[in-house]
Amino acid sequence: MKNTLKLVPLFMLAVLMFGCGPSGGAASSPEEIGDAVKDAIVTENFTAIYGYLPAWQIEADKGDSEVKKWRYEEKWELWKPLKEYLETLDPKDKSGIIDEEKWKAATDAERTAVFLGCYKVYEGDKLEDRLGEGMWYMSRRSVKLDVEGQGTATIVYSNKYKDRIEVKCNRENGLWSLAGVEIEFPKDLPEKPKSE
């Protein structure tokens with residue numbers, strides 16, 4: 001009984017750290033983040049990715065959002081150059097951020113999903129097949145651990161059409177978080193080779 005009581009505080013700490021879902025990238029492995037990011041993209045739930053960023057970045061985004069709003073209101077930054085850049089990341093305006101007011105009203109998670117390039121998937125044809133039925137699998141994994149709980153990892157997911165989702169992670173103080181995402185969804189599906 002005494003030994004059981006000693007384990008209760010450790011159990012509660014584990015529940016607080018890992019039982020409540022992502023909290024600033026608090027993942028124990030890069031695969032956990034890679035799988036979650038891949039699943040968010042495949043199910044078109046792009047804003048879910050935001051919770052896998054490092055805690056410091058989420059905090060920084062809060063301050064940056066307020067500063068950016070002020071800079072746009074005071075005309076230190078202009079909407080037109082930003083809109084032109086966003087068009088390269090969200091060419092079909094699927095994010096709904098189509099004007100300055102919607103940009104200001106968007107959440108940090110919504111803006112981050114655009115900046116990570118998640119909406120590039122909509123450039124591809126036959127998305128139902130490519131996303132949901134694409135038979136996604138981990139095609140490559142590389143992990144480099146460094147001293148004192150630091151490290152980097154890259155996990156690549158591919159599907160039957162050779163579309164690609166690359167998830168980059170960083171490890172700091174023993175915990176993994178999302179560092180970036182690269183998505184390759186060519187517009188056209190590859191053609192089957194011609195039979196002889």
Side-chain angles (χ1 to χ4, degrees), residues 20-27 30 32-125 127-128 130-131 150-157 163-173 175-188:
C20 302
S23 175
E32 184 180 337
I33 291 175
D35 289 346
V37 169
K38 183 260 302 173
D39 290 345
I41 291 169
V42 167
T43 61
E44 302 172 68
N45 184 16
F46 306 135
T47 56
I49 294 170
Y50 189 71
Y52 292 95
L53 292 172
W56 67 264
Q57 187 170 349
I58 291 172
E59 282 303 310
D61 282 350
K62 292 176 187 173
D64 187 52
S65 292
E66 292 305 311
V67 168
K68 289 283 187 193
K69 284 178 190 172
W70 180 86
R71 290 183 64 83
Y72 282 109
E73 286 168 7
E74 297 297 319
K75 304 297 182 200
W76 286 93
E77 292 189 34
L78 302 175
W79 168 250
K80 186 178 176 189
L82 177 61
K83 175 62 176 162
E84 289 169 359
Y85 177 61
L86 292 178
E87 285 171 354
T88 66
L89 299 173
D90 180 14
K92 304 219 179 211
D93 290 328
K94 291 284 192 173
S95 68
I97 301 174
I98 56 173
D99 58 37
E100 190 171 356
E101 291 309 310
K102 290 196 172 153
W103 175 255
K104 289 178 188 175
T107 65
D108 291 333
E110 291 168 334
R111 286 192 287 268
T112 298
V114 175
F115 279 130
L116 287 174
C118 295
Y119 290 92
K120 288 181 178 181
V121 300
Y122 295 114
E123 290 180 316
D125 293 335
L127 273 186
E128 303 82 25
R130 295 168 86 170
L131 290 174
Q150 314 306 323
T152 58
T154 301
I155 301 174
V156 178
Y157 299 88
D163 296 320
R164 195 173 71 85
I165 299 170
E166 182 175 304
V167 181
K168 296 182 180 187
C169 303
N170 285 332
R171 185 177 188 228
E172 189 173 358
N173 299 322
L175 292 176
W176 290 95
S177 60
L178 178 65
V181 179
E182 289 182 24
I183 299 170
E184 284 183 19
F185 272 73
K187 178 176 180 352
D188 299 318

Does [X] reach the main-chain N or O of [Y] with its side chain, forming a donor-acceptor pair under 3.5 Å?
| X | Y | value |
| --- | --- | --- |
| R111 | W103 | yes |
| E110 | T107 | yes |
| D90 | D93 | yes |

Kindly give the heavy-atom pair with the smallest separation between [X] and [Y], and that separation in Å.
| X | Y | answer |
| --- | --- | --- |
| K102 | G96 | CD-O, 3.1 Å |
| T88 | P91 | O-CD, 4.2 Å |
| L127 | G124 | CG-O, 3.6 Å |
| K168 | L178 | O-CD1, 3.5 Å |
| L131 | I41 | CD2-O, 4.0 Å |

Would you verify whether the NZ or CZ of K92 falls within 45 degrees of the ring axis of Y122 while also being under 6.0 Å from that six-membered ring's centre? no
Sub-4.5 Å side-chain heavy-atom contact between [X] and [Y]:
| X | Y | answer |
| --- | --- | --- |
| L86 | V114 | yes |
| F46 | V121 | yes |
| D61 | Y50 | yes |
| L89 | K120 | yes |
| L116 | E182 | no |
| I183 | Y119 | no |
| P54 | N170 | no |

Walk me through whether L78 and Y72 qualify under side chain to side chain contact (heavy atoms under 4.5 Å, CB included). CA-CA 6 Å; L78 302 175; Y72 282 109; 5.9 Å; no
Using a strict cut-off of less than 4.0 Å between a Lys/Arg side-chain nitrogen and an Asp/Glu carboxylate oxygen, indicate whether E100 and K104 qualify as a salt bridge.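 Salt bridge present between E100 and K104.
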Quick one: do K38 and D35 satisfy salt bridge (Lys or Arg N to Asp or Glu O under 4.0 Å)? Show the steps, please. CA-CA 5 Å; K38 183 260 302 173; D35 289 346; 5.2 Å; no
